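So the structure is just underneath, and the comments pick up after that.
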Amino acid sequence: MTPVLVATTLVRPAGPPVPCPAAPLLAAELRRHGLDVEQRALSTGETTAHTVFGGVGLGLRADGEHERAARSALGAWLAVTGPRRVELAAPRSFCAGVERAVEVVEKALSRTSQPVYVRKQIVHNTHVVADLEARGAVFVDELDGVPDDATVVFSAHGVSPAVRGVAAERELDVIDATCPLVAKVHTEARRFAGRGDTVLLIGHADHEEVEGTLGEAPDQTILVQSAAEAALVEVEDPTRLSYLMQTTLSVEEAGEIVDVLKARFPALRGPGSDDICYATTNRQNALRAIADRADLVLVVGSENSSNSQRLVELARRAGRQAHLIDDVGALRPGWLVGVGVIGLTAGASAPPRLVEEVLAALGGLGPVNAAEHEVARETIQFTLPSPVRR
Ligand code: 2E7
Ligand code: F3S
């Protein structure tokens with residue numbers, strides 16, 4: 001199939017070339033139409049259709065059978081051009097635990113020519129995983145995908161003692177990228193179970209972090225996923241009871257669950273300090289601060305990212321139209337109809353450059369007035385695990 005060409009720049013016979021920052025939006029829309037797409041500079045003479053407005057342009061070349069679909073995609077984006085405000089939530093994107101986990105894999109790759117295996121996605125982001133894969137990391141679902149004598153990195157979400165046991169038995173070279181704030185929850189799980197408590201773990205089933213924490217004391221831990229479950233959960237001895245949480249929950253929902261549990265079990269004891277981490281809390285507060293002003297909220301993050309999903313839910317609970325986008329290519333023209341103010345944020349596993357790319361592409365649809373609203377300054381940094389600390 002001859003690819004449809006999308007202009008990244010329009011080269012005119014007279015006058016300077018016109019940048020086309022919205023090219024990735026147009027390219028993605030064409031791919032959704034099932035077309036093969038290439039992005040490159042085009043001269044205006046080459047294009048099938050192009051427009052120049054306010055110092056930017058949009059244009060493409062499509063031959064024969066593709067012309068109709070191409071014109072329709074171009075028309076869809078041209079229909080939503082115009083000036084916009086973007087309210088940027090801060091903090092957003094990478095947290096200290098993600099920075100550390102990514103650096104662990106990078107350092108592990110740089111100290112050996114052998115493959116570096118990573119158990120599960122190092123963090124729940126397709127771009128982070130693809131970037132590290134391109135640099136030689138091999139992602140596996142379980143340790144049986146790791147050959148003997150190999151190096152394996154445990155993901156930021158943590159692992160159960162059973163997984164640690166298998167790795168130790170096989171004498172694998174383990175580098176643990178578990179976020180220190182998750183490790184803290186594991187320590188509490190051991191302490192609470194060790195004093196004979198039943199542990200109510202507030203979190204979502206089938207999430208890797210929850211699987212890991214549950215694994216600390218599987219016979220003494222009960223997963224509580226909602227206020228409805230909290231209202232029904234039965235425990236053997238309500239006087240020996242404590243609770244813990246997944247680090248990426250909605251602060252609001254988790255608080256409601258704890259309230260239900262405390263009302264039912266007055267002797268319930270909690271963690272020394274909040275399990276929902278600083279980064280989760282800050283990203284939720286930052287989004288809350290801008291959501292009211294936005295017609296549409298965009299959260300950059302991957303589908304399986306719990307903290308990113310919680311941000312989308314928060315915006316929707318505030319009555320906003322909200323979407324989770326893996327990258328700029330996931331933006332749909334229909335979402336922007338009648339939208340003058342966009343709230344923009346990113347989950348803790350989404351690289352900052354993805355937000356920059358969204359902003360740049362929006363600038364290709366008309367002038368963008370972007371303002372950042374910072375609700376907290378994050379300075380926390382975690383030291384690297386000893387095998388990669390040099
Ligand atoms: C580790 C932990 O990778 P993420 O998207 O993970 P979630 O848990 O939100 O799906 O985000 C970073 C991160 C958050 N929590 C990593 Cl335990
Ligand atoms: Fe750790 Fe929280 Fe990030 S648990 S990995 S600091 S989202």
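Both counts, for ligands and for their atoms, begin at 1 and track the order of listing. If you're wondering where the values come from, they're calculated on a predicted model, not measured in any experiment.
- The closest side-chain donor-acceptor pair between D275 and T247, if any, does not fall under 3.5 angstrom.
- Contacts between H207 and ligand 1 below 4.0 angstrom, taking non-hydrogen atoms only, involve the side chain exclusively.
- Of all protein heavy atoms, the one lying nearest to atom 4 (P) of ligand 1 is S349 OG, 3.4 Å.
- More than 12 heavy atoms of other residues, nucleotides or ligands shown are found within 6.0 angstrom of CZ on R195.
- Near C179, with a cut-off below 4.0 Å to any heavy atom, the atoms of ligand 2 are 1 (Fe), 4 (S), 5 (S), 6 (S).
- Taking the six-membered ring where the residue is Trp, H207 and H124 present perpendicular rings, their angle passing 60° and hence far from 30°.
- Listed by atom number, the atoms of ligand 2 under 4.0 Å from Y278 heavy atoms are 6 (S).
- Atom 1 (C) of ligand 1 has as its closest protein heavy atom H157 CD2, 3.2 Å.
- Shown in contact with T247 at under 4.0 Å from a heavy atom are these atoms of ligand 1, numbered in order with element: 15 (N), 17 (Cl).
- Ligand 1 places these atoms under 4.0 Å from at least one heavy atom of V98: 12 (C).
- Contacts of H124 with ligand 1, taken as heavy-atom pairs under 4.0 Å, involve both backbone and side chain.
- The shell of residues lying under 4.0 angstrom from ligand 1, judged by heavy atoms, includes N304.
- One N or O on the side chain of R84 and one on the backbone of V339 form a donor-acceptor pair closer than 3.5 Å.
- The shortest N or O to N or O distance between S308 and ligand 1 is not under 3.5 Å.
- Scanning the protein heavy atoms around atom 14 (C) of ligand 1, the nearest turns out to be T248 CG2, 3.6 Å.
- Distances below 4.0 Å separate heavy atoms of V123 from the following atoms of ligand 1: 3 (O).
- A salt bridge is defined here as a Lys NZ or Arg NE, NH1 or NH2 lying under 4.0 Å from an Asp or Glu carboxylate O, and E313 with R310 meets this definition.
- In summary, the atoms of ligand 2 found under 4.0 Å from a heavy atom of T247, numbered by their order in the structure, are 4 (S).
- Under a cut-off of 6.0 angstrom, the local environment of CZ in R190 is crowded, with over 12 non-hydrogen atoms contributed by other residues, nucleotides or ligands.
- Ionic pairing of R31 and D36 is not present here: no N-O contact between side-chain nitrogen and carboxylate oxygen is shorter than 4.0 angstrom.
- In summary, C277 places no N/O/S atom under 2.8 Å from atom 3 (Fe) of ligand 2, failing the contact criterion.
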Applying salt bridge (Lys or Arg N to Asp or Glu O under 4.0 Å), run through E29 and R332 and close with a yes or a no.
-> CA-CA 7 Å; E29 186 68 6; R332 302 292 181 100; 5.3 Å; no

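- Side chains of P91 and N282 form a contact here, defined as non-hydrogen atoms less than 4.5 Å apart.
- Here N307 has heavy atoms under 4.0 Å from ligand 1 in both its backbone and its side chain.
- Close approach of ligand 1 to A156 (heavy-atom distance below 4.0 Å) involves ligand atoms 1 (C), 16 (C), 17 (Cl).
- Under 4.0 angstrom from ligand 1, the non-hydrogen atoms of V182 all belong to its side chain.
- Grouping the Ile, Leu, Val, Met, Phe, Trp and Tyr side chains by contacts below 4.5 angstrom, directly or via other members, places L223 apart from L241.
- For atom 3 (Fe) of ligand 2, the nearest non-hydrogen atom of the protein is C95 SG, 2.2 Å.
- When side chains are defined from C-beta on, R100 does not count as touching E103, because their heavy atoms never get closer than 4.5 Å.
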